Amino acid sequence: MKRRDLLKNAGLTTLGLAGLSPQVKAAEWLDPTPDPGAGDDKKGDKEFEQFGRTDYEKQRDAKLFKEQFFNKHELKTIGVLADIIIPKDQYSGSATDAGVVDFIEFMAKDKPELQTPLRGGIGWIDAQSNSRFEKKFIDLTPAQRIEIVEDIAYPKRKKTGMSQGVAFFSLMRNLTASGFWSSQIGIADIGYKGNVANVWNGVPEEVMKQYGLEGE
Amino acid sequence: MPDFHIKEAPKTYDVIIVGSGAGGGMAAHELSKAGAKVCLLEAGQHYDPADPKYITQLKWPWQSPRRGASTRFRPFGDFDAAYGGWDIEGEPYTTVPGTQFRWFRSRMLGGRTNHWGRISLRFGPDDFRRKSIDGLGDDWPIGYEDVAPFYDKVDQLIGVFGSKEGLPNDPDSIFLPAPKPRLHELMLKKANKRLGVTTIPSRLSILTQPINDERGVCFYCSQCSRACVAYADFSSSSCLCKPAGKTGNLDTIYFAMAREVLTDAKTGLCTGISYIETQTLEEKTVRGKIIVLAASACESARLLLNSKSARFPEGLANSSGVVGKYLHDSTGASRGAIIPALFDRKRYNEDGVGGMHVYSPWWLDNKKLDFPRGYHIEYWGGMGMPAYGFGWGIENINGMFPDRNGNKREPGGYGASLKDDYRRFYGAYIGMAGRGEAIAREDNYCEIDPEKVDKFGIPVLRFHYKWSDHERLQAKHMHETFERIIAEVGGIPLSDTPKAENDYGLNAPGEIIHEVGTVRMGKDPKRSALNKWQQAHDVKNLFVVDAAPFPSQGDKNCTWTILALSMRASQYIISERKAGNL
């Protein structure tokens with residue numbers, strides 16, 4: 001949002017605040033705020049934008065970016081699963097379009113308790129693929145992959161021998177959703193309209209009507 | 001060759017304040033403006049939410065590689081304006097087996113006020129005299145009428161929005177206009193009206209109108225927990241320490257971890273503070289005529305208990321033995337729900353202010369209930385900014401509802417239909433939390449651990465805290481209320497009713513971060529450490545102005561009362577100094 005828009009929206013133009021007031025300084029700072037929208041979220045190990053890190057945090061993040069947890073095969077498997085969970089559709093791109101693989105790689109380093117469930121889960125799904133089709137999961141045909149996913153994507157089905165796969169798939173589903181919906185692509189898709197300077201004037205009238213709240 | 005000499009600044013200050021949170025910031029503000037030469041010791045680093053190097057406000061989740069997930073250092077998420085947390089490297093605390101306590105600390109200018117919820121409630125007349133009402137705990141040595149003029153001044157100095165309601169035990173402040181409710185808040189208000197649960201505009205220290213040239217007004221990003229570039233919300237760093245610094249009378253020393261309050265063996269009066277410079281681990285001393293502790297309830301108690309001498313063998317200001325005792329946190333219990341009527345809602349920006357726009361102050365009479373003290377209810381919900389954790393656990397929810405065509409589905413899933421579920425459910429979640437009054441008890445306490453020290457060599461605290469049935473039955477009542485509210489608003493709870501074996505869903509002690517009571521004030525020097533001016537009974541030039549002096553804390557958050565009482569104690573220091581008594 002541009003400075004003058006903030007001032008206008010915040011109703012400050014008539015207040016005659018001094019040129020260096022915190023509001024004006026805040027408005028100047030707000031100028032380069034990016035807009036959410038479609039874009040490539042893939043950051044790889046490129047530097048993230050500064051976002052108020054302490055020295056301790058900068059050092060820790062730099063160290064995590066230098067490390068690599070998953071190998072190429074594992075990263076590829078994560079990508080295939082993530083796109084099964086959140087595919088491209090008429091409204092937005094897929095999980096991998098939104099950078100979910102890089103995100104999961106980072107989270108495995110940031111929260112080490114995720115490492116064994118994820119690495120072991122990939123091992124589980126490869127073993128399952130091998131026993132059914134004598135191939136690793138990523139080398140299966142799309143139809144074969146879905147045959148396995150159908151057995152682990154529905155926790156209530158409780159198919160014998162599948163419970164560990166169900167737990168892994170639930171974790172993958174949740175991490176994929178976190179990574180996708182918090183990306184630029186995901187936020188544009190979900191329709192979140194905030195994170196900008198504005199003035200709140202209450203629920204829009206048509207929404208009040210829709211919910212029978214006129215006069216509340 | 002390393003220099004083991006203890007470094008001493010030659011200057012003697014009029015006042016040394018330990019801690020820069022709500023209590024310390026207010027004391028620094030009042031005393032430096034009155035002309036006193038003040039030294040403020042802060043264990044952490046400098047912080048200014050308008051300085052770009054600290055700003056997290058209005059950042060997008062993808063600017064954090066962990067998309068805003070929590071870390072050990074930022075347990076409330078990667079953008080939260082609190083440096084420290086429950087578990088600080090090199091600064092441990094312990095608990096007696098079979099008891100529990102969680103201790104949140106912020107190591108930065110302004111302390112925990114940088115990220116707090118800005119819920120700014122006055123205590124009511126009954127909150128100062130609970131023992132007279134129900135026989136439990138203790139009355140305060142002061143009443144509402146003693147604090148009211150200072151609440152007024154705090155309202156005017158700092159700013160709080162709300163609505164005039166005239167409730168008997170939830171006194172009105174001098175309010176700025178309150179923001180209008182969000183959609184889910186209107187629905188809750190309407191449902192609660194039918195249930196008889198009072199629901200009114202919240203009372204938060206956020207500027208909806210300008211109050212001076214030093215602070216801007218709210219631009220409704222809902223991110224007060226990230227601290228505000230326009231200083232439109234209250235934090236001690238922005239609203240008290242910064243203007244105090246402009247007087248020229250305040251020296252702030254960062255990275256100064258207080259170890260001991262020094263006293264003169266002959267007079268028994270305080271003479272200064274010995275502290276560890278945390279970056280170099282060097283011990284230093286600063287001298288002052290008056291000592292004001294505001295290190296947080298438990299840190300202030302720890303400092304007093306660690307200040308042992310031949311004259312004060314049980315620790316300073318502790319001839320009564322109460323220091324560390326009567327520790328109590330607010331109770332907490334919470335519940336989430338989903339409202340099918342809100343599926344596929346129209347998208348618009350409803351960020352609003354940082355926190356709820358409506359809340360429910362305590363609305364019942366404890367004489368008719370099986371627990372002695374009340375609670376208030378806070379609410380959340382709406383179309384918030386997605387971040388780490390978004391949609392987590394959808395496999396427990398999406399099977400509850402038929403799809404758009406009315407077909408029943410299995411929970412879990414994948415693919416286009418799953419992707420659509422997230423869109424459909426967005427903004428349909430609500431939640432509510434009770435925050436209640438616990439009873440202050442002698443056998444809930446912190447003490448010095450006989451074995452452990454922190455990385456600075458300072459003996460650490462050991463906690464001993466257990467809930468009683470007073471708190472458990474209150475939490476049970478909270479959940480019964482939540483279930484009635486959720487049903488009335490047409491929602492479905494997202495978890496089962498907590499059972500007795502889980503303390504009816506009570507948060508662990510400490511988790512609400514409203515710990516108070518450890519250096520309590522009172523009329524009787526045998527049963528309290530401080531007098532009604534928060535001055536130590538045993539040492540006249542020692543004051544405590546954080547929440548440690550609170551004999552009880554009502555069903556209100558403690559910050560507004562810390563501020564009012566710190567202002568009151570500071571005015572007392574000024575008048576006593578002028579009268580030559582200090």
Side-chain angles (χ1 to χ4, degrees), chain A residues 6 10 15 17-18 21-23 25-26 29-30 33-34 36 41 48-49 51-52 54 56-57 61 84-87 89 103 106-107 110 149 153-157 170 173-174 177-179 181-184 186-187 190-204 207 211 213 216, chain B residues 50 52 54-56 58-68 73 83 179-180 182-183 186-187 189-190 210 213-217 219-222 229-231 346-349 351-352 383 385-395 399 410-416 418-419 422-423 426:
Chain A
L6 172 83
L15 298 174
L17 287 182
S21 82
Q23 198 76 19
K25 269 166 66 187
W29 171 78
L30 287 165
T33 303
D41 284 346
F48 272 73
E49 290 178 61
F51 59 111
T54 60
Y56 163 79
E57 288 172 305
D61 284 359
I84 289 172
I85 291 164
I86 296 191
D89 67 2
F103 163 71
F106 185 85
M107 290 316 298
D110 194 44
V149 166
Y154 297 95
K156 288 265 166 73
R157 282 189 192 170
S170 290
R173 184 194 294 111
N174 288 326
S178 264
W181 295 110
S182 63
S183 70
Q184 281 183 275
I187 284 183
I190 206 88
Y192 170 65
K193 302 290 186 201
N195 202 32
V196 290
N198 72 106
V199 173
W200 167 253
N201 274 324
V203 180
V207 176
Y211 293 94
L213 292 164
E216 286 292 327
Chain B
Y54 302 113
I55 294 174
T56 56
L58 296 190
K59 302 292 180 187
W60 292 97
W62 59 80
Q63 290 178 266
S64 151
R66 58 185 63 75
R67 306 290 173 86
F73 185 75
Y83 300 167
K180 290 177 186 168
R182 304 175 180 95
L183 178 59
L186 284 172
M187 295 167 83
K189 214 175 139 194
K190 196 174 168 187
D213 289 344
E214 295 185 333
R215 297 174 58 198
V217 296
F219 51 82
Y220 302 97
C221 74
S222 82
V229 296
Y231 306 138
K346 183 183 162 66
R347 308 299 204 242
Y348 55 91
N349 180 357
D351 279 350
M383 298 182 282
M385 180 157 46
Y388 186 84
F390 184 91
W392 203 280
I394 197 164
E395 70 275 12
E410 282 182 274
Y414 61 92
L418 174 78
K419 192 176 180 183
Y422 293 107
R423 296 184 186 115
Y426 177 59

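Owing to the predicted nature of the structure, the values given are computational and were not obtained by experimental measurement. To find a chain, count down the sequence lines: A is the first, B the second, and so on, and within it residues start at 1. Below, all heavy atoms of this structure are taken into account, side chains as well, without hydrogens, waters or symmetry copies.
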Task: Residue, of B:Glu395, B:Arg347, B:Lys419, that accumulates the most heavy atom pairs under 4.5 Å with chain A - done: B:Lys419
Open item on the list: With a 4.5 angstrom heavy-atom cut-off, is it the side chain or the backbone of A:Phe106 that approaches chain B, or both, or neither?
Closed with: side chain
Task: Pairwise distance OG(A:Ser182) to CE(B:Met385) - rounded to 0.5 angstrom - done: 10.5 Å
Open item on the list: Counting only non-hydrogen atoms closer than 4.5 Å, does A:Asp89 touch chain B with its backbone (N, CA, C, O), its side chain (CB onward), both, or neither?
Closed with: both
- [ ] Go through the atoms of B:Met383 and report whether side chain, backbone, both or neither lie under 4.5 Å from a heavy atom of chain A.
- [x] backbone
TODO: With sequence neighbours excluded, tell me which residues meet salt bridge (charged side-chain N to carboxylate O under 4.0 Å, His left out) with B:Lys180.
DONE: none
Task: Proximal component of B:Tyr426, with respect to chain A [non-hydrogen, under 4.5 Å] - done: side chain
Task: Contact winner vs chain A - B:Gly68, B:Gly399, B:Ala416, B:Pro61, heavy-atom pairs under 4.5 Å - done: B:Pro61
TODO: Measure B:Tyr83 against the heavy atoms of chain A and call it side chain, backbone, both or neither at under 4.5 Å.
DONE: side chain
- [ ] Output the option from A:Pro87, A:Ser170, A:Gly202 having the highest count of non-hydrogen pairs under 4.5 Å with chain B.
- [x] A:Pro87
Open item on the list: According to salt bridge (charged side-chain N to carboxylate O under 4.0 Å, His left out), who are the partners of B:Glu410, at least two apart in sequence or on a separate chain?
Closed with: A:Arg157
Open item on the list: Does any part of the side chain of B:Leu186, heavy atoms only, come nearer than 4.5 Å to the side chain of A:Val203, both counted from C-beta?
Closed with: yes
Open item on the list: Ring-plane angle category for A:Trp181 and B:Phe390, please: parallel below 30°, perpendicular beyond 60°, tilted otherwise.
Closed with: tilted
- [ ] Below 4.5 Å from any heavy atom of chain A, which atoms of B:Tyr348 appear? Answer side chain, backbone, both or neither.
- [x] both
Task: Parallel, tilted or perpendicular: ring planes of B:Trp392 versus B:Tyr388, cut at 30 and 60 degrees - done: tilted
- [ ] Measure B:Leu183 against the heavy atoms of chain A and call it side chain, backbone, both or neither at under 4.5 Å.
- [x] both
Open item on the list: What I want to check is whether the side chains of A:Asp61 and A:Tyr56 have a donor and an acceptor closer together than 3.5 Å.
Closed with: no
